[in-house]
Number of protein chains: 2
Amino acid sequence: MSKAAATRETILKKAFDLVYRQSYQATSIDDIISQLQVTKGAFFYHFRNKDMMGLAMIREVMAPNMEPYMIHVLGSTPDALEDIYQMVKGLLLLNPTLDSRYGCPAVNLIEEMAPVNEEFRKALMQLMLKWQDALEKHLREAQIIGQVGKEHDAKQIAMYITAGYSGIRNIGKIFGNQAYVNYLQQFKIYLESLR
Amino acid sequence: MSKAAATRETILKKAFDLVYRQSYQATSIDDIISQLQVTKGAFFYHFRNKDMMGLAMIREVMAPNMEPYMIHVLGSTPDALEDIYQMVKGLLLLNPTLDSRYGCPAVNLIEEMAPVNEEFRKALMQLMLKWQDALEKHLREAQIIGQVGKEHDAKQIAMYITAGYSGIRNIGKIFGNQAYVNYLQQFKIYLESLR
DNA sequence: TGCAAAACATACCAACTAGTATTTTATGTC
DNA sequence: GACATAAAATACTAGTTGGTATGTTTTGCA
């Protein structure tokens with residue numbers, strides 16, 4: 001990787017780091033560059049403005065980051081519903097980069113930016129669709145091999161699962177990790193009802 | 001009500017209005033007062049600083065506002081689970097003051113402020129607890145009269161329901177009202193599994 | 001009716017914001 | 001090694017922010 005590409009990448013990664021803890025709008029460009037050996041000239045050489053940087057952050061940091069935990073993890077056990085349970089449990093309790101206090105980077109950005117910036121909304125919708133589509137496909141395959149009842153709507157279930165995850169990320173911000181533990185118990189009950 | 005109390009109230013209500021659409025941190029004091037016949041002197045006479053106003057807004061506008069739709073509505077049909085379904089449906093699809101684009105005022109504020117301001121976190125936790133406690137009580141009564149299985153944990157279900165609601169408010173910001181309709185179908189299935 | 005306190009109005013400030021204009025340095029290519 | 005361009009550094013600006021200092025008006029009440 002060229003030095004220029006490395007500069008661009010460090011900006012995006014530091015931005016992601018700060019945005020996760022402070023929100024996008026509360027993270028200033030000065031915030032980002034002051035924690036790196038990067039000046040404002042470099043920042044605006046690589047990005048036309050702050051929003052272009054934010055969109056690049058979604059596509060080049062957040063999208064690749066989520067794949068292993070939200071998509072590739074599906075298929076790691078013999079049981080499809082257990083896979084899904086483990087995916088959510090992994091995200092909530094086992095992922096060392098995520099903190100109940102700060103929630104989920106994607107959920108946070110949707111909450112903050114979708115209503116006020118149409119380009120962010122679209123980019124974040126792509127992110128969420130990638131997850132939902134993977135879940136839907138996983139559920140359909142489970143229906144074929146008899147692990148999930150054929151009477152259920154895979155697409156709807158996929159959306160319901162992501163909604164539940166988003167929601168407990170919100171509740172977790174006020175009640176902490178204990179909310180995750182309680183949620184997972186009810187989530188398990190829900191998943192079992194799909195067999 | 002005294003004129004001074006009225007001034008205070010209009011500030012809080014206009015703040016709520018703007019915060020709902022723009023978020024708390026993106027709503028400036030100038031924003032609020034410029035849309036009213038109120039000056040900065042009046043604002044800082046009634047509130048020590050912006051955050052004290054925000055906390056007053058939670059306790060004096062948001063908390064009373066939520067009660068009819070989130071608590072008193074429980075008990076309006078003969079069936080406890082139908083009550084809960086209608087409550088969520090009412091919030092998502094029938095409430096004219098809420099918009100899928102902007103989500104739910106309480107969920108938004110939790111998402112934004114809980115991680116960065118401990119006082120906001122506590123005030124919002126009280127808000128959420130009031131809802132969860134009402135749901136829990138409602139579920140316990142339903143268990144006694146045989147409308148909900150006694151094997152279920154009412155407190156956990158109450159939290160799970162609020163998490164689901166929070167989550168679909170998030171998803172709704174990117175997919176719009178159609179997400180609400182889909183969610184409600186799955187939510188109904190979940191509720192029925194509790195009988 | 002007088003007067004103190006409450007309620008508000010006005011003018012201001014220092015810190016911070018995204019973004020620009022201009023200059024300097026690094027890098028690859030012939 | 002010359003030269004063009006990419007990459008980055010520096011200094012600046014206009015606008016916005018929460019908050020303050022100080023002055024004026026309104027209100028309740030002795």
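Naming: A, B, ... by sequence-line order, numbering from 1 per chain.
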Q.
I want to confirm an ordering. Mapping A:Gly41 and A:Asp31 to their closest nucleotides on DNA chain C, which one lands closer to the 5' end?
A. A:Asp31
Q: Identify, between B:Ile29 and A:Arg8, the residue whose nearest nucleotide on DNA chain D lies closer to the 5' end.
A: A:Arg8
Q. Under 4.0 angstrom, heavy atoms only, what part of the nucleic acid is B:Ser28 near: base, sugar-phosphate, or nothing?
A. sugar-phosphate
Q. Contact class for B:Ser2 vs. all strands (heavy atom < 4.0 Å): base, sugar-phosphate, or nothing?
A. nothing
Q: Please confirm whether the backbone N or O of A:Gly90 pairs with a side-chain atom of A:Asn95, one donor and one acceptor, at under 3.5 Å?
A: no
Q: Return the value, rounded to whole Å, for the distance between atom CD of A:Gln22 and atom C1' of C:dT17.
A: 14 Å
(Q) How many whole angstroms separate atom CD1 of A:Ile11 from atom C1' of D:dA8? (A) 10 Å
Q. Any salt bridge between A:Glu82 and A:Lys188, counting N to O under 4.0 Å?
A. yes
Q | Interatomic distance where CD1 belongs to B:Ile33 and C1' belongs to D:dT16 [whole Å] | A | 13 Å
Q. So, is A:Thr7 close to the D:dA8 phosphate, meaning a side-chain N or O under 4.0 Å from OP1 or OP2?
A. yes
Q. How close or far is atom P of C:dA18 from atom OH of A:Tyr24, stated in whole angstroms?
A. 9 Å
Q.
Measure CZ/B:Phe44 against P/D:dT17 and give the value in whole Å, please.
A. 12 Å
Q: Let me know, please, whether B:Lys3 or B:Asn49 comes out on the 5' side of the other along DNA chain D by nearest nucleotide.
A: B:Asn49
Q) Can you find a donor-acceptor N/O pair under 3.5 angstrom joining the side chain of A:Lys40 to the base of D:dA9? A) no
Q) Using 30° and 60° as the class limits, which term best fits the ring planes of B:Tyr165 and B:Trp131: parallel, tilted or perpendicular? A) perpendicular
Q: Using whole Å, report how far CE of B:Met53 lies from P of D:dG19.
A: 10 Å
Q | OP1 or OP2 of C:dC8 under 4.0 Å from side-chain N/O of B:Tyr45 | A | no
Q: Return no unless some side-chain N or O of A:His46 is found under 4.0 Å from OP1 or OP2 of D:dA8.
A: yes
Q. In whole Å, what is the span from the CZ atom of B:Phe43 to the P atom of C:dC12?
A. 22 Å
**Q.** Ring center gap for B:Tyr24 and B:Phe120 short of 6.0 angstrom
**A.** yes
(Q) Can you tell me how the ring of A:Phe47 sits relative to the ring of A:Phe43, calling it parallel under 30°, perpendicular over 60° and tilted otherwise? (A) tilted
Q.
Measuring centre to centre across the rings, with the benzene-like ring taken for any Trp, is B:Tyr190 within less than 6.0 Å of B:Tyr160?
A. yes
Q. Going only through I, L, V, M, F, W and Y residues with side-chain contacts under 4.5 Å, is there a path from A:Leu129 to A:Leu139?
A. yes
Q.
Assess the residue pair B:Arg121 and B:Glu118 against the criterion (salt bridge (charged side-chain N to carboxylate O under 4.0 Å, His left out)); give the C-alpha distance rounded to whole Å, side-chain angles, the decisive distance to 0.1 Å, and a yes or no.
A. CA-CA 5 Å; B:Arg121 205 206 100 240; B:Glu118 178 64 10; 2.4 Å; yes
Q.
Need the bend value for the helix from C:dT1-D:dA30 to C:dC30-D:dG1: angle between end axes, 5 pairs each end, nearest 10°.
A. 10°
Q: Round to a whole Å and report the spacing from CG of B:Asp51 to P of D:dG18.
A: 10 Å
Q) What nucleotide, of D:dG19, D:dA9, C:dA6, holds the atom closest to the side chain of A:Thr39? A) D:dA9
Q | base_contact_polar (D:dG19 base, B:Lys50 side chain, donor-acceptor, <3.5 Å) | A | no
